[in-house]
Amino acid sequence: MLTLYVHIPFCKARCPYCDFYLVTRPEQIHAFFKALSLETASRCADLKGETVSAIHFGGGTPSSVPVGLLAKWLDNIAALCSFTHDLEVALEANPEDLNTTSMNELRAAGVTRLSVGVQSFIPEKLHLLGRKHSPLDCQRITAEALERFNSVSLDLICGVPGEDLAIWEDDLRLALSLQPQHLSLYMLSVEPKTRLHHQISKGLISFPDDETQASLYENALREIALYGYSHYEVSNFCLPGHHSRYNLASWKREPYLGFGPSAHSFLTVHGREIRMANVSVLSRYLAAPHNAGVFREELSREEQFIEKVFLSLRINSGLDVEFLRKENNLGQDFSGSVDQFIEQGWILQQKGFLYLTDKGFLFADYIAGALIFG
Ligand code: SF4
């Protein structure tokens, strides 16, 4: 079983906080899809005989490209592998691109899951984040999307400059009142070389301190749980059966193939785990799409162990203490760290497994690092 990821690297403009690889040159969209079909054809061997359970269009902004081009690529891939009867086709969308017509077209093309980059329902937050859509647009789009797609996910950002608990509670409740089946919740991070970083370093705006950010996140976990969502990854929450298939498969270290610039792949070949990555610069991808892979590495046992510990904690599937004891070749004694984290209220130990608490999710990577490296 495989899942597929397609990176669509186009956005209409760069948001002030974003450091993803993308381009704002729509004139290259057709050349990109031509290259994508060449890359796809060149990877027939990886697809042959495989059954695909999910296809995820991410980016960038996949909703900014013509739906017909997405549909054509879906037809291409259908000829190269099999699909499960309940294939999930997910697409990340900017609210600015969505209306009744575009959503109907996406649904007709086979999209079953829409992930809407709402980011906020508070006008001042949207302004700070450089987003053009209005809260009313998002409410209307969400309601229409819920009528058309099997799963609708809303992305929310918290911890923007000036945000306090009262603003965040209003924002989150507005999102929850729309009853999407899935929520992704991101703490705003200030990445080097972004406009947001420049504004903060010049003292033009100030960023919430760590304590405020932690209280916003913990408040969200309590509030979202009241509405029946399960917290299945640090930043992701869903109603039963509505998790993102591609994302969960990649966090569970199940095989996936990535297409397009900067896409990654993970395959198991004759018991060996292989990670691969495509060239990230669009011009280089367009020049040689049939040869887009620039990185290929077989994971050592240590690397597999490290990934398993980091990822099983992040998705809270429970980290098997026996696995930690047996597989850790790095010679670290983790029992002192476990006792300390239990005492701090960051992890729970139940029936031989370790789970993060709400507080522990804030320090997921730190905790994993301490368990591995001491
Ligand atoms: S729409 Fe998303 S990917 Fe594009 S610039 Fe904004 S945050 Fe980045």
Side-chain angles (χ1 to χ4, degrees), residues 5-29 32-33 36 56-67 69-70 90-99 102-103 106 111 113-135 137-138 141-142 145 152-161 163 171 175 180 182-200 205 207 234-236 244 246-247 250 258-264 277-282 285:
Y5 174 81
V6 187
H7 189 78
I8 310 284
F10 299 96
C11 286
K12 287 183 178 150
R14 183 175 285 281
C15 299
Y17 54 92
C18 180
D19 74 340
F20 289 174
Y21 177 72
L22 56 93
V23 293
T24 52
R25 294 191 292 274
E27 64 278 11
Q28 292 185 310
I29 288 175
F32 164 74
F33 274 91
L36 182 64
H56 189 105
F57 292 104
T61 311
S63 60
S64 69
V65 302
V67 178
L69 295 174
L70 299 169
L91 180 126
E92 296 174 6
N94 188 334
E96 284 174 56
D97 301 323
L98 296 176
N99 53 45
S102 65
M103 284 192 273
L106 288 168
V111 173
R113 176 187 187 91
L114 200 64
S115 176
V116 188
V118 165
Q119 317 309 358
S120 175
F121 290 92
I122 306 293
E124 293 76 14
K125 277 180 71 176
L126 286 172
H127 177 70
L128 265 164
L129 294 168
R131 308 305 290 241
K132 303 270 186 301
H133 55 265
S134 75
D137 291 338
C138 292
I141 286 161
T142 306
V152 175
S153 177
L154 301 184
D155 288 354
L156 288 182
I157 291 182
C158 77
V160 307
E163 183 162 23
D171 206 1
H182 188 279
L183 279 174
S184 295
L185 179 68
Y186 301 106
M187 300 297 301
L188 183 62
S189 59
V190 185
E191 304 301 335
K193 297 188 185 158
T194 58
R195 264 187 288 149
L196 181 68
H197 184 267
H198 178 74
Q199 288 170 309
I200 288 173
I205 48 178
F207 203 59
V234 173
S235 306
N236 288 281
S244 159
Y246 159 73
N247 282 332
S250 64
F259 299 87
S262 79
H264 287 65
N278 276 358
V279 62
S280 51
V281 179
L282 181 61
Y285 178 78

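Counting convention: from 1, in listed order, for ligands and their atoms alike.
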* Could you tell me whether ligand 1 has any atom less than 4.0 Å away from a heavy atom of G130? => no

* Asked: Do N99 and S102 have side-chain N/O donor and acceptor atoms under 3.5 Å apart?
  -> yes

* What are the protein N/O/S atoms, named by residue and atom, that sit under 2.8 Å from atom 8 (Fe) of ligand 1? -> C18 SG

Between the main-chain N or O of [Y] and the side-chain N or O of [X], is there a donor-acceptor pair closer than 3.5 Å?
X	Y	value
D171	F121	yes
H264	G258	no
K125	E163	no

* Do the ring planes of H56 and Y5 sit parallel (below 30°), tilted (30 to 60°) or perpendicular (above 60°)? -> parallel

* Which atoms from ligand 1 have a heavy atom of A13 less than 4.0 Å away? -> 5 (S)

* Asked: Would you say F20 has more than 12 foreign heavy atoms packed within less than 6.0 Å of its CZ?
  -> no

* Asked: What protein heavy atom sits nearest atom 2 (Fe) of ligand 1, and how far off is it?
  -> R131 NH1, 4.4 Å

* Structure fact -> Correct closest heavy-atom pair for A175 and P180 would be O-CD, 3.4 Å

